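In listed order, ligands and their atoms are each counted from 1. As the structure is a computational prediction, the values presented were derived from the model and not from experiment.
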Amino acid sequence: MPSSDSENPSRPRLEASPDLMAELAAASELLEKAEPIEVIRWASGRFGKRLTMATAFGPEGCLILHWLSSVASDTFVFNLETGYQFKETLELRDRIRDRYGITVSYESPETTVEEYERKHGGPLYRTDPATCCGDRKIVVIERVLSNFDAWMSGIRRDQSPDRANAPIVGWDKKFGVVKISPLANWTKSQVWEKILQEDVPYNPLHDKGFGSIGCWPCTRAITDGEDERAGRWSGSEKTECGLHIRD
Ligand code: SF4
């Protein structure tokens, strides 16, 4: 059975007090004009070991790891290992470890893919992707984040309407923790320019036409002119797995 190796610091969880909300709003405003590495430095200084980072090994996550390695390389970083990721994605974990000395922890659901599909009489991603994402991603991230005060993610405002108002620093009501998005106000071209400039490892599937990469059953390559997230849950109404939906 898959297991979790996330930390479990014995401390009460952060409360969404008015003082904390005011502090986060002020920090977010101040950091709006800061470089992403300064945002990461602030997050690490403010939350220390109570800060974690989630990554699906997208270009933004790899870039944040590039900076994080020089700011606080011992930060707990995790990947939601649904059991449905591309082998190219999983191999990136080793390349990140070799380059930066950061071993991203795989955080998995209680059931393997085989057990899960047996229980539901087949792959749920075909018939009920919302439940599949809920069981294989949301439940897992809730479990991990319950041990932390703050998490960092690589979302950008220009990726989708759901992400358009993401603050640099804010309260994540869904998971009851602070959420830091160092690249919220960056564009796709800025991210790729920096990745190529710094020779940051990235998923080779991006060179084969994949824009945004998630689980293989729910990801396809995109064609010229398509939105970068058009290949996710293509042909369905679903646009997000639920990790980054506010409220
Ligand atoms: S992205 Fe697809 S396969 Fe992955 S958890 Fe969601 S529905 Fe399941």
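- No side-chain donor-acceptor contact under 3.5 Å links Arg163 to the backbone of Arg156.
- Salt bridge status for Arg46 with Glu23: present, with a side-chain N to carboxylate O gap under 4.0 Å.
- Closest heavy-atom approach to atom 5 (S) of ligand 1 within the set Gly83, Gly134, Cys133, Pro123: this belongs to Cys133.
- Residues Thr89 and Ala56 approach most closely at CG2-O, 3.8 Å, considering heavy atoms.
- In summary, an N, O or S atom of Cys218 is located under 2.8 Å from atom 2 (Fe) of ligand 1.
- Side-chain contact between Glu142 and Lys174 is absent, with no heavy-atom pair separated by less than 4.5 Å.
- Near Cys215, with a cut-off below 4.0 Å to any heavy atom, the atoms of ligand 1 are 1 (S), 3 (S), 4 (Fe).
- Those atoms of ligand 1 that come under 4.0 Å of a heavy atom in Tyr84, given as number and element, are 3 (S).
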